[in-house]
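As C-alpha cells, the structure follows; a few thoughts come after it.
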2 protein chains.
Amino acid sequence: MKVGFVQFSPVFGQVEDNISRAECFIESVEADLLVLPELFNTGYLITSREEIEKLAEPVPSGITTEALSEMASRRSCYLVAGIAERDDDKIYNSAVCVGPHGFIGAYRKIHLFSEEKNWFSPGNREFQVYDIGVCRIGIMICFDWIFPESMRTLSLKGAHVICHPSNLVLPFCQDAMKTRSLENRVYSITANRTGSEERGDKKLSYTGKSQVMSPEAELIIRSGDDTEEAHAVAIDISKAEKKLLNEYNDLFKDRRPEFYFIP
Amino acid sequence: MKVGFVQFSPVFGQVEDNISRAECFIESVEADLLVLPELFNTGYLITSREEIEKLAEPVPSGITTEALSEMASRRSCYLVAGIAERDDDKIYNSAVCVGPHGFIGAYRKIHLFSEEKNWFSPGNREFQVYDIGVCRIGIMICFDWIFPESMRTLSLKGAHVICHPSNLVLPFCQDAMKTRSLENRVYSITANRTGSEERGDKKLSYTGKSQVMSPEAELIIRSGDDTEEAHAVAIDISKAEKKLLNEYNDLFKDRRPEFYFIP
C-alpha cells in the first residue's frame, strides 16, 4: 500500500484555485491514500465569522467534497482533506474522507486550537475509523495530537493509519508524532501546510515538515519546512496490526485500565 | 525548589555497596527532591527468581528504605528510589518515597517490561500522588512511560512533578518525555542508570541521559549517556499548576472525555 501527503500553501479565500492546485499535487504521485492539510481549500487565518460562513460548505454536497470525490474516483485512491463544513447554523473544522466510490465520511475537529474557538463549533461526533479494504484509517486534525486520548481512541478502535491534516504553527507536533505512533503501534501521516498568512494585523507561519511515521517510530519520510511537495511511500500494514514490542510486551494487551484515572 | 537525579551504575547483588555509592551522590548535591534509578540497590539483570527473592526487601522495614529514610532526614530532602520489594510470597519492582520525616509510600510498577514478567508481580496499587508540601509528586517506573495513561493518570490526580526511576535499554523514552511533560504540563525527572550488565549469556546496556523536563517541553538538564553523575536544578512549580497553553487553550479543561474510548 502506498500512502502520502500533499504539502502546499493555500491562499486564503481562493477556494477554486486551492482545489486546482491540490489537484495538481494529487495527480503528481501514485498513491492509494493521500492526506491534505487542514482547511486546505479556504486557508486558515480567519478574521471574522462572516468570512468563514461564506467559505464553509455543506458536506458532502459542497464543491470541495465533490471535486475530491471526482479526483479519488479518477485516481482510484482515497483522500482525506481538511475543509470548513457548514451544517445549518454551525461551522466545523472538518476533514472529509473520499474514495474511488465517492464520499465516505467526515470528522469534525474535537479539540479546537486558539482563535478557532471564535469561528468553529467543537466537533460533535465520535472519532471515526473507516475500513477502506486494505486497512482501517482514523482521522484527527492538527491540535487533536496534543491530547493523547485522540490517537489512543482511534488506535483502540482499530485504525492502522492515522490521517492527520494540519496547519501547525507550534514546533512540537512532528517529533511528538514519533511517540504517538510508537505508543499505539500505528502509522501516522501528518499533512501540514507551509508558507505564511498575513491578514490585517495578524500573521501566522506554518511549519511544514509533513511526514509519514511508522509504528516502530521510524520517520519514513519528512518534507521540507517551506517547500510545496507531495510524496507517497510504501508501507506494510501488518506492522500496525500486531502491537508486540518484544516477545513479552503487547502494548495493547499490557494496558491496565483498572489503574487508569482518565475522567 | 531544587530537583534532580542520581545517575550511576549499580553492581548486581551488591546492595550495601550500591546504597553507599548512591549516598555519596546524594550528599554531593543540594536538592529538595532527588530521584534514583529503578532497582538502584540490586541491579537489574536478574537471572533467576531465587536470586531476586534473596535481594528483595520488605518495605518500609528493609535496609534500603531505612538507609534512604536516614539520608532524607539528614539532608532534609525527599528521595524517590527503585528497589525490589518483597511482600509475603510476592516480589514487586517498586519505588519508595521517603522524606525528612521518614517513609511516605511505595509504588509498585504497573507495566512490567520484558523478562521482568518472569520475576516480578505486576503492581497491584493505584498510581499514587504524594503531597510533599512544596508540590505534589507522582511516581512511575521506567516502561510505564510508554503507556500515555500512566503519566496522564498521575497528572490528572494533581502531580506537578513526575518522578521516574528507570533502567532504560531502548532509545525512545528520553525524547518521548518531552511530549509527556508537554501534554500534561508537568515536570518530569527521569533518573536512568548507566553502564552495562553481563550475567551468563545475557547482556544489557543502559542508555543514561537522565534528565529534567519542564511543563513547556524544555529539556532543563540532561546527563551523559555513560557517566555517573548527580544534578539538581531549580524549577518553578507554578508552571505545572496551570495548564494553559495560550489564552484560549487549557490542556486539561479542553479535554473532551465524552469522545474518548479508552477501555
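Per chain, numbering begins at 1; letters A, B, ... match sequence-line order.
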Chain B contact via [X] - side chain, backbone, both or neither, heavy atoms under 4.5 Å:
X	value
A:Phe143	side chain
A:Asn118	side chain
A:Thr153	both
A:Arg180	side chain
A:Phe172	side chain
A:Asp254	both
A:Glu115	both
A:Leu154	neither

Taking every non-hydrogen pair under 4.5 Å, which of [options] racks up the most with chain B?
options	value
A:Cys173, A:Ala176, A:Pro148, A:Ser150	A:Pro148
A:Asn184, A:Leu170, A:Ile262, A:Leu245	A:Ile262
A:Glu126, A:His111, A:Lys178	A:His111

key: Closest non-hydrogen atom pair between B:Arg49 and B:Trp119, with its separation   =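 Taking every non-hydrogen atom into account, NH1-O, 2.8 Å.
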key: Considering all heavy atoms, the nearest B:Gly43-B:Glu197 contact   =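 Nearest pair, atom of B:Gly43 first, then B:Glu197: CA-OE2, 3.6 Å.
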ask   = In terms of side-chain heavy atoms, does A:Ser181 have a donor or acceptor partner in A:Ser188 at a distance below 3.5 Å?
value =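 A pair is found: one side chain offers a donor N or O, the other an acceptor, under 3.5 Å apart.
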task = Taking atom types as modelled, find out whether A:Asp236 and A:Ser238 have a side-chain donor-acceptor pair closer than 3.5 angstrom.
result =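 Short answer, yes.
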inquiry  = Tell me whether A:Lys157 at atom NZ has more than 12 heavy atoms from other residues, nucleotides or ligands lying less than 6.0 Å away.
reply    =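 Enclosed.
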query = Got more than 12 heavy atoms from elsewhere within 6.0 Å of NZ, A:Lys202?
reply = yes
request  = Examine B:Arg199 relative to B:Phe12 and say whether NZ or CZ is less than 6.0 Å from the centre of the six-membered ring and inside a 45° cone about the ring axis.
outcome  =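 Yes, a cation-pi geometry.
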message = Between A:Lys239 and A:Glu218 (salt bridge meaning N to carboxylate O under 4.0 Å), is one present in this structure?
response = no
remark   = Between B:Val212 and the options B:Ile221, B:Leu219, B:Thr190, the side chain to side chain contact (heavy atoms under 4.5 Å, CB included) test singles out B:Ile221
message = Using ring centroids (six-membered ring only for Trp), state whether B:Phe127 and B:Tyr107 fall under 6.0 Å.
response =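 Yes.
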message = Between B:Lys117 and chain A, with a heavy-atom cut-off of 4.5 Å, which part of the residue counts as in contact: side chain, backbone, both or neither?
response = side chain
Which one, [options], leads in non-hydrogen pairs under 4.5 Å with chain A?
options	answer
B:Leu112, B:Asp175, B:Leu156, B:Asn124	B:Leu156
B:Arg125, B:Glu116, B:Glu247, B:Glu258	B:Arg125
B:Trp145, B:Phe113, B:Tyr260	B:Tyr260

